[in-house]
Peer 1: 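What follows is a structure written as structure tokens; I'll ask about it next.
Sequence positions, counted from 1, serve as the residue numbers for this chain.
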Amino acid sequence: MATTQAEPAPAFTPEQLQSVRGTLMSPRRLKTEVLAGIVVALALIPEAIAFSIIAGVDPRIGLFASFTMAVTIAFVGGRPAMISAATGAIALVIAPLVKTHGVDYFVAAVILAGVFQIILGLSGVAKLMRFIPRSVMVGFVNALAILIFMSQVPELIGVPWLVYPLVALGLAIVFGLPKLTKAVPAPLVAIIVLTLVTVFAAVAVPTVGDKGELPNSLPTLFIPNVPFSLETLQIIFPFSLAMAFVGLLESLMTAKLVDDVTDTRSHKTREAWGQGVANVVTGFFGGMGGCAMIGQTMINVKASGARTRISTFLAGVFLLILVVALGGIVSLIPMAALVAVMIFVSVATFDWHSINPRTLKIMPKSETAVMVATVIGTVTTHNLAVGVGVGVMVAMVLFARRVAHLVTVERNVTTTGDHETATYVVDGELFFASSNDLYTQFEYALDPKHVVIDMHASHLWDASTIAALDAITEKYHHHGKEVKIIGLNQASTLMRERLGGKLSAGH
């Protein structure tokens, strides 16, 4: 009944496919995990070297970080099959510290960032993911795809013309082979074929070896040589905190993406503190730290069909074997092969349905605006955390404006004998955005002496609303009229009793 991971048989549920024990007992599923690990390891090498250069450190620091991050998170992470390693986002955050204080302070900051992530994870920061709207998630995915593609453009500029047909051949393999068979990951086939072509044809094109020198020894325990003092903490604290937040956000967003791809659920809290543990371990081995890698995760999950922690663990192990024991062979891999794989990943990652004209026609304009804002924020800053923050802020503003306009106030004047009463029925959710306009909805001068404000169809959410109600009653009293507020639910009543009359003492 066993089958390849790329074509799961109906006998296996998505949750069963994540079972390590079940995969170890199934040769075909295990083969998928092993081959996926190899592909990811090959793709990690140039990325880790490039990110090391961005951070201003030796390439070995990035490569060792990718090894320790992947192996550690395979055991402690909350999202099976997700790849964590050295990333560009972390490199950008931490690079200024390397320039000003050197590698020892840099590594100390990585360890402290890991400690922050453990604390944040255990305190439940992962639960905040529920406040990220779907439109931000779509924008995040699309921006990621664009960044992955843009990162490959430099590899296609100022290179020998033979690079272009090699990339075209690689693309033909990664897009065409899955239509014939999924027994072997197409990206792995593309890497092998293009390497053989360039070696046997003696083609002079850029290779992995041109990116930087590969290590020839195993990572060793590293204790940063920094004073254990308040001054040191003041230096590394802002970098560590920024690294912790950026790493957690990118990792949790990636975990959510993998949840959607695999139709399974991950343990976000475990993933949060697991990232911290992985960074602490990485720091004590002299690594540059990291977080979840979305591109490599998509290679692992979407392109190669992996589903378990085995592929994550093997990606780290194979990475170390490839760079230390087989560095001479790995250095021969043409960058054209990896460019083709990453372009495939960017195309597969992009949510093409989100920009389909029919989708845009029926989608609320506010949702599209949030998606576009997330994409623009991410692509212009090259920082996924900034893009997500922009998207969430735009979503909050648009939501507040939309909800504010849903509040209605209806006025009705009734007469009983010689007793005239104006009744206002307030319908909607009252908070800072909607309650500010509430004050203008009443006819203070025209109303009779008796006014009733019926709140049975509304709810008071914040102090701004209480202040608005106080201002309304004071305005009526100024006109010598009696106002009575009725219909408040229990929560709103308690809030008004606690804050009413205490927010406008200066007026």
Peer 1: Trp461 and Glu429: side-chain donor and acceptor closer than 3.5 Å?
Peer 2: yes
Peer 1: Quick check: do Ile45 and Leu319 have side-chain heavy atoms less than 4.5 Å from each other?
Peer 2: yes
Peer 1: Between Tyr164 and Leu156 (side chain of the first, backbone of the second, donor and acceptor by atom type, cut-off under 3.5 Å), is there such a pair?
Peer 2: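 Yes: the side chain of Tyr164 pairs with the backbone of Leu156.
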Peer 1: How long is the gap from CG on Asp263 to CD on Glu15, to the nearest 0.5 Å?
Peer 2: 7.0 Å
Peer 1: List the atom pairs, donor and acceptor, that lie under 3.5 Å between side-chain atoms in residues 53-67 and the rest of the protein, sequence neighbours left out.
Peer 2:
unit_1, atom_1, unit_2, atom_2, d
Asp58, OD1, Arg60, N, 2.8
Asp58, OD1, Arg60, NE, 3.1
Ser66, OG, Gly62, O, 3.1
Ser66, OG, Ala86, N, 3.4

Peer 1: Mind checking the CD-OG spacing from Gln296 to Ser304? Nearest 0.5 Å is all I need.
Peer 2: 11.0 Å
Peer 1: Would you tell me whether Arg270 and Gln275 have side-chain atoms, one donor and one acceptor, within less than 3.5 Å of each other?
Peer 2: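 No, because no side-chain N or O of Arg270 sits under 3.5 Å from a partner of the opposite role on Gln275.
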Peer 1: Could you walk me through whether Phe149 and Phe350 pass ring pair (Phe, Tyr, Trp, His ring centres under 6.0 Å), step by step?
Peer 2: CA-CA 10 Å; Phe149 181 83; Phe350 196 91; over 10 Å; no
Peer 1: Under a plain distance cut-off of 3.5 Å, with no hydrogens placed, do Ser354 and Asn142 share a side-chain donor-acceptor pair?
Peer 2: yes
Peer 1: So, Thr232 side chain and Phe228 main chain: donor-acceptor pair closer than 3.5 Å or not?
Peer 2: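 No, Thr232 side chain to Phe228 backbone: no donor-acceptor pair under 3.5 Å.
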Peer 1: Check this for me: does any side-chain nitrogen of one of Lys211 and Glu155 sit under 4.0 Å from a carboxylate oxygen of the other?
Peer 2: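 Answer for the salt bridge query: yes.
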Peer 1: So, the side chain of Asp104 versus the backbone of Asn225: is there a donor-acceptor pair under 3.5 Å, distance only?
Peer 2: yes
Peer 1: Taking all non-hydrogen atoms of both residues, which atom of Ala306 and which atom of Thr32 are closest, and how far apart?
Peer 2: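 So the minimum-distance heavy-atom pair works out to N-CG2, 4.3 Å.
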Peer 1: Only pairs under 3.5 Å count here: list side-chain donor-acceptor contacts from residues 36-43, not counting sequence neighbours, and write none if there are none.
Peer 2:
none

Peer 1: Which value, rounded to the nearest 0.5 Å, describes the distance between Leu233 atom CG and Ile236 atom CD1?
Peer 2: 6.0 Å
Peer 1: Run the side chain to side chain contact (heavy atoms under 4.5 Å, CB included) test on Thr349 and Lys302 for me, step by step, so that the C-alpha distance in whole Å, both residues' side-chain angles and the decisive distance to 0.1 Å come before the verdict.
Peer 2: CA-CA 9 Å; Thr349 301; Lys302 208 163 188 177; 5.6 Å; no
Peer 1: Decide yes or no for Leu249 and Val388: does some side-chain heavy atom of the first lie under 4.5 Å from some side-chain heavy atom of the second?
Peer 2: yes
Peer 1: Using a strict 4.0 Å threshold on nitrogen-to-oxygen distance, state whether Arg134 and Asp260 make a salt bridge.
Peer 2: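 No, this pair does not count.
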Peer 1: With heavy-atom distances below 4.5 Å as the criterion, would you say the side chains of Leu24 and Ile310 are in contact?
Peer 2: yes
Peer 1: Between Val208 and Leu338, is there a side-chain heavy-atom distance shorter than 4.5 Å?
Peer 2: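 Yes, at least one pair of side-chain atoms sits under 4.5 Å.
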Peer 1: Do Leu122 and Thr269 come close enough that some side-chain heavy atom pair is under 4.5 Å?
Peer 2: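 No, side chains not in contact.
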Peer 1: Go through the steps for Phe284 and Leu221 under the test side chain to side chain contact (heavy atoms under 4.5 Å, CB included), then give the verdict.
Peer 2: CA-CA 6 Å; Phe284 280 117; Leu221 190 64; 4.2 Å; yes
Peer 1: Under 3.5 Å, is there a donor-acceptor pair between the Thr23 and Arg309 side chains?
Peer 2: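 No donor-acceptor contact under 3.5 Å links the two side chains.
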Peer 1: Within the side chain of Ser251, is there an N or O that forms a donor-acceptor pair under 3.5 Å with the backbone of Ala292?
Peer 2: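 Yes: the side chain of Ser251 pairs with the backbone of Ala292.
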Peer 1: Judged by atom type as modelled, is there a donor-acceptor pair below 3.5 Å linking the side chain of Thr72 to the main-chain atoms of Met69?
Peer 2: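 Looks like no, no N/O pair under 3.5 Å.
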Peer 1: Minimum heavy-atom separation for Val34 to Phe318, with atom names?
Peer 2: O-CE1, 3.6 Å
Peer 1: Strictly by modelled atom types, are Glu271 and Ser266 linked by a side-chain donor-acceptor pair under 3.5 Å?
Peer 2: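 Judged by distance alone, the side chains do not pair up.
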Peer 1: Considering residues at least two apart in sequence or located in another chain, which fulfil the ring pair (Phe, Tyr, Trp, His ring centres under 6.0 Å) criterion with Phe237?
Peer 2: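 Phe237 satisfies ring pair (Phe, Tyr, Trp, His ring centres under 6.0 Å) with Phe116 only.
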Peer 1: How long is the gap from CG on Leu314 to CG on Leu30, to the nearest 0.5 Å?
Peer 2: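 Going from CG on Leu314 over to CG on Leu30, the span is 8.0 Å.
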Peer 1: Within the structure provided, determine whether Val193 and Leu188 are in side-chain contact (heavy-atom separation under 4.5 Å).
Peer 2: no
Peer 1: Rounded to the nearest 0.5 Å, what separates atom OG1 in Thr359 from atom NE2 in His353?
Peer 2: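 Between Thr359 OG1 and His353 NE2, I get 3.5 Å after rounding to 0.5 Å.
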Peer 1: Looking only at side-chain N and O atoms, does Asp462 offer a donor or acceptor that is under 3.5 Å from a partner on Thr465?
Peer 2: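 Result is yes, a qualifying pair exists.
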Peer 1: Is any side-chain heavy atom of Leu120 closer than 4.5 Å to a side-chain heavy atom of Phe245?
Peer 2: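 Answer yes - side chains close enough.
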Peer 1: Let me know which of Thr312, Thr297, Asp259 forms a side-chain hydrogen bond (donor to acceptor under 3.5 Å, both in side chains) with Arg79.
Peer 2: Asp259
Peer 1: Checking Trp273 side chain against Ser123 main chain: does a donor-acceptor pair fall under 3.5 Å?
Peer 2: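 Such a contact is absent between Trp273 side chain and Ser123 backbone.
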Peer 1: Compare every heavy atom of Gly391 with every heavy atom of Val370, then report the nearest pair and how far apart it is.
Peer 2: CG1-O, 3.6 Å
Peer 1: State, to 0.1 Å, how close Ala244 and Gln117 come at their nearest heavy-atom pair, and which atoms those are.
Peer 2: O-NE2, 3.2 Å
Peer 1: How far apart are the closest heavy atoms of Met243 and Gly290, and which atoms are they?
Peer 2: CE-N, 4.0 Å
Peer 1: Between Phe344 and Phe175 (judged by ring centroids, cut-off 6.0 Å), do the two rings come close enough to count as a pair?
Peer 2: yes
Peer 1: Indicate the atoms forming the closest heavy-atom contact of Ala395 with Pro133, along with that distance.
Peer 2: CB-CG, 3.8 Å
Peer 1: Yes or no on side chain to side chain contact (heavy atoms under 4.5 Å, CB included) for Ile333 and Thr198, after CA distance, side-chain angles and deciding distance?
Peer 2: CA-CA 8 Å; Ile333 297 175; Thr198 55; over 6 Å; no
Peer 1: Short question: side chain of Thr207, backbone of Ser331 - any donor-acceptor pair under 3.5 Å?
Peer 2: yes
Peer 1: Answer whether the closest heavy-atom distance between the side chains of Met495 and Ile466 falls below 4.5 Å.
Peer 2: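 In short, these two side chains touch, coming nearer than 4.5 Å.
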Peer 1: Start with the C-alpha distance between Val375 and Ile146, add both sets of side-chain angles, then the distance that settles side chain to side chain contact (heavy atoms under 4.5 Å, CB included), and finish with yes or no.
Peer 2: CA-CA 9 Å; Val375 171; Ile146 294 171; 3.9 Å; yes
Peer 1: Give, for atom CG of Asn300 and atom OG of Ser311, the distance between the pair rounded to the nearest 0.5 Å.
Peer 2: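 Those atoms lie 3.5 Å apart.
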